[in-house]
Amino acid sequence: MHDPGTGRHGCLHHRWRSGKDAADGHRVADDQPPPRLPVCDEGGECLLQDYTIAGGHGIRRYRGKKRTFNNQFLGPYIEHEMNRCIECYRCVRFYQDFAGGTDFGVMGSAGRAYFGRFRDGQLQSPFSGNLVDICPTGVFTDKTARFRARYWDYDMAPSICPHCSLGCNTIPAARYRELLKTMARRNDAVNGWFICDRGRFAKYPVNDPARPRAPGIDGVEASWDQALDALVQRLGEVTALHGQGSIAVVGSPRLSLEGLVMLPLLAETMGSGNFCFFTDKDESDKAKAAVEKLTLANSASMADVQTADAVIVMACDLLAEGAMMALAVRQAWRNGARVFLLKANVGALTAEVGIVAEAVDSLSAIPFADFKRPVVICGTAQADTATIEKAADAGAKISYLFSGANAFAAARLSLKHGARDLQTVVAGGKIKGIIAFEADLAADLVEKLPFVAIADYMPSDLTGKASVFLPATTTIEMDGTFINNEGRASASKRSLNPGCP
């Protein structure tokens with residue numbers, strides 16, 4: 001759209017103006033200096049801007065005094081600018097009706113409608129970040145990426161959220177090797193249109209200033225060649241001293257499918273039969289028991305949960321272990337499903353998602369015969385497999401919440417290869433060294449081992465003490481495949497090149 005009064009293109013809210021004009025809201029005169037500050041961070045992503053251009057409206061005709069609003073502080077993640085509101089009510093319908101939030105809404109009437117909170121404060125819903133995507137103008141923008149780049153500046157690619165096992169589809173947006181923001185990517189079978197605030201705003205694995213970015217030898221920074229030479233040399237020394245099979249190769253549920261598949265191949269190349277997909281025995285046993293119970297017929301997706309007529313939540317904290325699953329449960333409840341809570345976090349679901357649920361003591365108290373599409377949701381960290389078997393026998397679909405983004409794949413591969421967990425392997429006494437790939441190692445588990453090599457992107461106390469350390473890439477810095485809690489494989493593409501911002 002072209003404005004003949006300024007000689008510039010774009011929606012009136014989105015043009016680049018001088019500092020004075022950005023402050024007083026007046027039009028830019030031809031004799032003013034070149035514009036410097038962007039008026040709205042939504043430029044390039046604004047639906048109102050698109051409609052304005054499509055309709056050919058390029059001249060501001062109204063000359064009277066305009067109604068203005070005061071903005072609110074909505075927390076560290078979302079910026080509020082009420083003067084851009086077109087009163088479409090999309091934010092309220094999502095926040096209150098869809099997500100069950102109670103601390104945000106509309107006040108006033110007619111032309112005096114105000115969308116916000118009764119008082120300044122951080123939005124309490126764990127899905128509040130979706131207001132940024134839902135708003136068709138720039139009333140709600142991502143404060144963490146504010147004025148860092150325009151839409152066309154971003155490096156973007158389809159990706160998978162790594163913060164839980166649900167496998168929500170995302171679009172990370174980066175610039176200059178820094179993750180600026182994460183947007184939801186539609187997948188009707190998984191997360192639909194939305195993601196939780198953790199998946200949207202948790203950037204610490206990529207942007208963490210403490211993230212280790214250089215190889216090291218015994219806590220001293222080294223070059224890649226020096227670190228790799230030291231790794232090969234010390235592996236040979238440990239093997240010569242303690243014999244074949246004294247080195248264990250360790251992965252984790254954070255590792256991509258391609259990395260997990262390489263673990264047994266690397267162990268075979270080294271002449272060691274010890275490779276682990278989990279470090280903790282209890283986590284390994286329960287994850288393997290869970291995937292053994294899941295089939296194509298009884299595995300429930302989040303879409304299945306939304307269409308269920310009965311949802312049983314047991315042995316888990318949905319908001320902590322998989323917040324988007326809680327949102328799916330709310331949609332089932334809105335559609336008339338009965339929600340039963342068995343040894344679950346009752347208070348959080350009621351307060352933050354607005355679900356009216358029934359607390360029960362056991363599965364035997366649930367009338368499965370009354371329902372056609374029951375779903376049982378449980379956490380593998382606490383779930384009793386015998387109890388789950390009873391629910392499956394009663395015709396219910398099962399949805400497990402695993403401990404990591406790729407825990408399903410790690411458990412499947414562990415069963416296929418007969419792999420043991422690191423805790424069990426080390427307890428045998430033969431292991432004298434490990435090579436760990438993105439594994440969360442307990443200090444007391446490896447402190448007595450003479451050789452520990454680590455490849456990871458997460459900072460920890462062990463990374464600075466490792467015999468050899470190699471920095472790794474995060475999910476959005478590589479191509480990889482992840483399998484979510486229902487067994488659905490999704491590809492993640494590289495959004496930015498690894499390196500220092």
Side-chain angles (χ1 to χ4, degrees), residues 159-160 162 165 167 205 212 215 224-225 227-236 238-239 244-280 283-284 287-288 291 402-426 431 433-441 446 449 451-458 462-463 466-484 487-494 497-498:
S159 186
I160 304 298
S165 64
W224 274 94
D225 289 340
L228 292 174
D229 289 343
L231 176 62
V232 173
Q233 178 183 349
R234 296 192 184 187
L235 283 174
V238 173
T239 302
Q244 294 286 343
S246 58
I247 300 292
V249 181
V250 187
S252 84
R254 288 195 281 126
L255 200 59
S256 69
L257 178 61
E258 290 78 3
L260 291 172
V261 170
M262 291 298 294
L263 292 183
L265 299 178
L266 178 59
E268 181 182 356
T269 301
M270 295 169 51
S272 172
N274 294 309
F275 52 90
C276 311
F277 297 97
F278 294 91
T279 59
D280 182 75
E283 178 188 9
S284 174
K288 289 189 288 187
V291 298
F402 291 90
S403 57
N406 226 7
F408 187 102
R412 280 291 186 193
L413 288 170
S414 188
L415 288 170
K416 176 182 178 180
H417 295 284
R420 298 176 295 171
D421 58 277
L422 181 61
Q423 191 175 11
T424 300
V425 170
V426 171
I431 298 300
I434 63 171
I435 305 176
F437 296 91
E438 300 180 22
D440 299 318
L441 301 171
V446 299
L449 298 179
F451 175 74
V452 177
I454 298 175
D456 206 347
Y457 56 80
M458 296 285 284
L462 291 176
T463 56
S467 305
V468 177
F469 173 77
L470 301 174
T473 55
T474 62
T475 305
I476 68 170
E477 295 170 336
M478 65 176 187
D479 294 340
T481 306
F482 291 83
I483 301 179
N484 75 349
R488 184 186 301 271
S490 299
S492 176
K493 299 297 182 181
R494 185 175 66 182
N497 293 319

Residues that E477 engages under salt bridge (Lys or Arg N to Asp or Glu O under 4.0 Å), provided they are two or more places apart: R211
Quick one: does C276's side chain get under 4.5 Å of D421's, heavy atoms only? no
Side chains of I435 and V468, heavy atoms from C-beta outward: is any pair under 4.5 Å? no
Does any part of the side chain of S256, heavy atoms only, come nearer than 4.5 Å to the side chain of F482, both counted from C-beta? yes
Check the pair M270 / F275 against side-chain contact (heavy atoms from CB on, under 4.5 Å), numbers first and verdict last. CA-CA 11 Å; M270 295 169 51; F275 52 90; over 6 Å; no
Which pair of non-hydrogen atoms, one from G404 and one from P253, has the smallest distance, and what is that distance? CA-CB, 3.8 Å
Mind listing the closest non-hydrogen atom pair of E438 and A472 along with its distance? OE2-CB, 4.2 Å
Taking every non-hydrogen atom, the tightest pair across L265 and V261: CG-O, 3.9 Å
Checking side-chain contact (heavy atoms from CB on, under 4.5 Å) between N406 and each of I160, L257, L255, which is the one that passes? L257
Straight-line distance of D280 CG to T424 OG1, nearest 0.5 Å: 9.0 Å
Would you check if T463 and M458 make a side-chain contact, meaning some heavy-atom pair closer than 4.5 Å? no
How close do D479 and K493 get, counting heavy atoms only, and between which atoms? OD1-CA, 3.4 Å
Looking at every non-hydrogen atom in both residues, tell me the closest pair between P471 and P212 and how far apart they are. CB-O, 3.6 Å
Roughly how far, to the nearest 0.5 Å, is OG of S165 from CD1 of I483? 12.5 Å
Q423 side chain reached by S284 side chain, heavy atoms, under 4.5 Å: no
With side-chain contact (heavy atoms from CB on, under 4.5 Å) as the criterion, how do T279 and D440 come out once you've worked through the C-alpha distance, each side chain's angles and the decisive distance to 0.1 Å? CA-CA 7 Å; T279 59; D440 299 318; 5.5 Å; no
With side-chain contact (heavy atoms from CB on, under 4.5 Å) as the criterion, how do V250 and V425 come out once you've worked through the C-alpha distance, each side chain's angles and the decisive distance to 0.1 Å? CA-CA 11 Å; V250 187; V425 170; over 6 Å; no
Taking the inter-plane angle between the rings of F277 and H417 on a 0 to 90° scale, is it parallel (under 30°), tilted (30 to 60°) or perpendicular (over 60°)? parallel
Looking only at heavy atoms, what is the nearest atom pair of L470 and A227, with distance? CD2-CB, 3.8 Å
With no hydrogens and no angle check, is any side-chain donor or acceptor of S492 less than 3.5 Å from a backbone partner on G480? no
Is there a side-chain contact between T475 and S159 in this structure, where contact means two heavy atoms from C-beta onward sitting under 4.5 Å apart? yes
Are any of the side-chain heavy atoms of I434 and L449 separated by less than 4.5 Å? yes
Apply side-chain contact (heavy atoms from CB on, under 4.5 Å) to the pair F402 and N484, showing each step before the final yes or no. CA-CA 9 Å; F402 291 90; N484 75 349; over 6 Å; no
How long is the span from the CD atom in Q244 to the CG atom in N274, to the nearest 0.5 Å? 11.0 Å
Min side-chain heavy-atom separation V249-F437 under 4.5 Å: yes
E268, CD: over 12 other non-hydrogen atoms inside 6.0 angstrom: no
